[in-house]
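What follows is one structure encoded as structure tokens, with my remarks underneath.
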There are 2 protein chains.
Amino acid sequence: MTADSPAELGRRAQAMLDALAAISDEEGRITRLYLSPAHRRAADLVARWMREAGMAVSEDALGTVRGSTPPGAPGPSSNRRYLVGSHIDTVVDAGRYDGMLGVVAGILALQEIAARGIRLPFGVDVLAFGDEEGVRFPTTLASSSAVAGVFDTADLDGARDAAGVSLREALVAFGGDPDGVASAAYPRDEVLGYLEVHIEQGPVLEIEDRPLGVVTSIAGQSRFLVTVTGDAGHAGTVPMGHRRDALAAGAEMILAVEEIARAGREHQMVATVGRLSLEPGAVNVIPSRVSFTVDLRAATDPPRAAAEAAVRHRFRAIAEARSVAFLMDRYHDTPTTPCAGRIQDAFARAMGDLGLPARRLTSGAGHDGHAMHALCDIGMLFVRCRAGISHNPNEYADAGDMGLAVEALIRALTALADGEGEGST
Amino acid sequence: MTADSPAELGRRAQAMLDALAAISDEEGRITRLYLSPAHRRAADLVARWMREAGMAVSEDALGTVRGSTPPGAPGPSSNRRYLVGSHIDTVVDAGRYDGMLGVVAGILALQEIAARGIRLPFGVDVLAFGDEEGVRFPTTLASSSAVAGVFDTADLDGARDAAGVSLREALVAFGGDPDGVASAAYPRDEVLGYLEVHIEQGPVLEIEDRPLGVVTSIAGQSRFLVTVTGDAGHAGTVPMGHRRDALAAGAEMILAVEEIARAGREHQMVATVGRLSLEPGAVNVIPSRVSFTVDLRAATDPPRAAAEAAVRHRFRAIAEARSVAFLMDRYHDTPTTPCAGRIQDAFARAMGDLGLPARRLTSGAGHDGHAMHALCDIGMLFVRCRAGISHNPNEYADAGDMGLAVEALIRALTALADGEGEGST
């Protein structure tokens, strides 16, 4: 075997992604929910690629496909390993890059490392997770949580899909062993870190004309359900000065949320009101009740907490001025997951080798790395995607960019190998 | 017979309203849709009351019950008549005052005029309309439009209820004669005017502690459907500065509508966004599309037209600043219906007799008077209701206030009789 150029690695990645895209539970579009028949076939294809790349392949209790390279060259880390991966489940009517690229990049990188005769001082396992999107069951990151040793086994019987099938039943049908959850977890002292290549799912790299970016953290997020209660009334008969219009109050709150998020630009803060419903919902009746969600994220936790306080403060003032009542319920809260500096630096060094300045950015979206952080240091490399579009058939990443990502992953692992002598774990 | 005090007239009105409230198509709540079995029974009860009050009773092609007093005392108007009435259909889960009070007040007033031996120089007909609420068929004011000679007969076969029953079929089942629509119309030169007593359905009289008010006009109204189109995007990955958030734009527009209506206070302007929906409607997706309605009303037409222009102007500026697209479609437009000065004055004089200063106000809600205006001068008297609540079981008017309204109606008809010598029609 001879070394492939980044361009050739990109073409190979694209061909593999196209092959995975042909595997779907739905005719005419890509839908591959966790533990579905299409997931089974995709897992089998990934396992075949891993074997062809010379890896020892297994599948854990939660359906994660694991391809292992031999132990590292003799030395202090020879029995320890880095994990590289991402997920092969998708949303409904998905694109072909989100998740899959990270698995494909891992396989290609390991194959290429072998082809180039590079001997790493540690082993590397490639992982293909199955429950990142959280579409089928009311769980998310179940498979990476099991690998990290933090999966809640109560979900085996507690989590059921829309058809009433429990996670346990679905695992058995998939060929998994629900009673072997504990064995899915890596021993903490055998793992050196987790690396994931993923499309950005946002527009920043494209806007700045950069193929790759180093992720500094996976943004923490808070989600709130806000309910505003005013008075219904006839649209024609209640003078403006006597209204307690829940929607007008809600509109002011939505703009306050936007303003607070804009002011947090330096913290990569974003806030979104994505759902809104109102009652009674008639053309000629003043709305008495409005409910909406707020999704708030930032690169670190303190500014997010400060923004929540600012939002509550503004909501209170708006509600008071308009004599409406409001409730703001935080129903979801995930802390920021930091990416380890040494893995960020390894990616940055790899990009520097390729002539790319290392743009560092936050991941606004959640990833398996969030669960893996319970086990080990994590790091992520983002790949530019078109117009920031994801979770959509129009999702697109350039093969050239993907080739650069595979090459950067190879070089990052090499850079981490160089650091081994310093015992940097 | 001896004259009844306003208090006694109020008690009698309440008893009659209670009797009507017992007639419903639904157990446990008041629902009396146009041409339903309950409407039939209510029409029969009203006809009985009219006969007991000494009127000649008939029912026209569209189901309006008509109670006629004898021609007036000899003079220029002896063969002409005033019409007094309102409607006996209701919304679903209605109150017991909206509409019914005007019919009951008319019957009691005419009965009392006879009891007091007052001889008017004109005849008076009491009318009980059936299609004011417009709930069952996609028509509204069908019955008063027929009386006014402006009913569109295409609706007989064109308008169907949710069960597919045409207006024609429903009329036949009710006992009406769809082919006799033309005969329902009053000859224009036989009608002197139309008077209606109605609950305010708004809070103004209650706030100002006044039992009665003289209506100056039935507000014109415009309704718009507004659609704002931006870009969907991941709530975590698209920086605030790169968003085209349709809901944030919509929120700004909602507040602009409110601000413009507030500035039109002197024109009794009101504007309401009563419905709003958005797409895709997920917690973690930036809304790409928002649709909402705007209901805009004012006491006269020019300020309403100016407000529409102002709204369009503001929407355009908001859309431009946010790089979103918008469409604003006017799908409904009703001009203002003025109340005749001489009828307003007759009500005002009657109120003066009762020691009540004549508060004049606009009707923000629509009424049968809007259709009757095609036939003759109209005038309305509003009765205070609790908290402005209407179209709801909590609708409430005080019996004392209703008695004052009946007395004011009696005196207004007498005042109009005084004006007859001046040929004021």
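Here the structure is a predicted model, which means the values were calculated and not measured. Quick note on labels: first sequence line is chain A, next is B, and so on, each numbered from 1.
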More than 12 foreign heavy atoms under 6.0 Å from CZ of R275(B): is that the case here?
no
Take a 6.0 Å sphere around CZ of R265(B) and say whether it holds more than 12 heavy atoms from other residues, nucleotides or ligands.
no
At a 4.5 Å cut-off on heavy atoms, which part of [X] comes close to chain B: side chain, backbone, both, or neither?
| X | answer |
| --- | --- |
| A232(A) | neither |
| R297(A) | side chain |
| M253(A) | neither |
| A282(A) | backbone |
| L278(A) | side chain |
| I389(A) | neither |

Top contributor to chain B contacts, counting heavy-atom pairs under 4.5 Å, from [options]:
| options | result |
| --- | --- |
| E258(A), Q268(A), R262(A) | E258(A) |
| P287(A), G233(A), P280(A) | P287(A) |
| G366(A), G274(A), G364(A) | G274(A) |

How far apart are the C-alpha atoms of R243(A) and T272(B), what are their side-chain angles, what is the distance that settles it, and do they pass the side chain to side chain contact (heavy atoms under 4.5 Å, CB included) test?
CA-CA 10 Å; R243(A) 297 184 172 207; T272(B) 307; 2.7 Å; yes
Heavy-atom cut-off 4.5 Å, strictly under: side chain, backbone, both or neither for V204(B) against chain A?
side chain
Turns out that what part of I207(B) lies under 4.5 Å from chain A's heavy atoms comes down to side chain
Counting heavy-atom pairs closer than 4.5 Å to chain A, which one of V257(B), T293(B), V283(B) comes out on top?
V283(B)
Contact winner vs chain A - G281(B), G202(B), G388(B), S363(B), heavy-atom pairs under 4.5 Å
G281(B)
Give a yes or no on whether the backbone of Q201(A) and the side-chain of T237(B) come within a donor-acceptor separation of less than 3.5 Å.
yes
Atom pair [atom1] ([X]) and [atom2] ([Y]), whose distance is rounded to the nearest 0.5 Å:
| X | Y | atom1 | atom2 | result |
| --- | --- | --- | --- | --- |
| H234(B) | D98(A) | NE2 | CG | 8.0 Å |
| N284(B) | H391(A) | CG | NE2 | 8.0 Å |
| M240(B) | I260(A) | CE | CD1 | 10.5 Å |

Could you check if a side-chain atom of V270(A) sits within less than 4.5 angstrom of a side-chain atom of H242(B), using non-hydrogen atoms only?
no
Criterion side chain to side chain contact (heavy atoms under 4.5 Å, CB included) against I254(B), the qualifying member of D245(A), L247(A), I254(A)
L247(A)
